[in-house]
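What follows is one structure encoded as structure tokens, with my remarks underneath.
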Amino acid sequence: MRSDLVFGALSHVSNRYQLCQLASKATRKLHKPNTRLQDTTNEVLGRFHTTNPEATAAPHESAAVQPVERRRAA
């Protein structure tokens, strides 16, 4: 049942609102066109139960932010 998946995912994410936001973002990225959206959501919640979604998201965000050099026209 999905409620079991949600409570399992809450073991890594303490805030329910944050869990909802992370799950919706992950579902959008992992969804395949010919599959049911419900199955993709269940898969995401199952992954959140086994791993910490906050720990895997933090390094990618910090690595993606790089200082941008700006050149002025002379």
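Note that this is a predicted model, so its numbers are computed, not measured. Quick note: numbers below take in every heavy atom, side chains included, and nothing from hydrogens, waters or symmetry partners. Numbers here are sequence positions counted from 1.
The side-chain contact (heavy atoms from CB on, under 4.5 Å) test applied to N42 returns R2, L5, not counting sequence neighbours. For H49, the side-chain hydrogen bond (donor to acceptor under 3.5 Å, both in side chains) test picks out no residue, with sequence neighbours left out. Legend: residues meeting side-chain hydrogen bond (donor to acceptor under 3.5 Å, both in side chains) with T41, ordered by chain and number and at least two apart, are absent.
In this structure, V13 and F48 have side chains that are not in contact, with every pair of non-hydrogen atoms separated by 4.5 Å or more.
A distance of 12.0 Å separates CG in L45 from CZ in F7, rounded to the nearest 0.5 Å.
Evaluation of the salt bridge (charged side-chain N to carboxylate O under 4.0 Å, His left out) test over residues 31-48, restricted to residues two or more places apart or in two chains, returns R36-D39, E43-R47. The stretch residues 12-28 participates, sequence neighbours left out, in no salt bridge (charged side-chain N to carboxylate O under 4.0 Å, His left out) pair at all.
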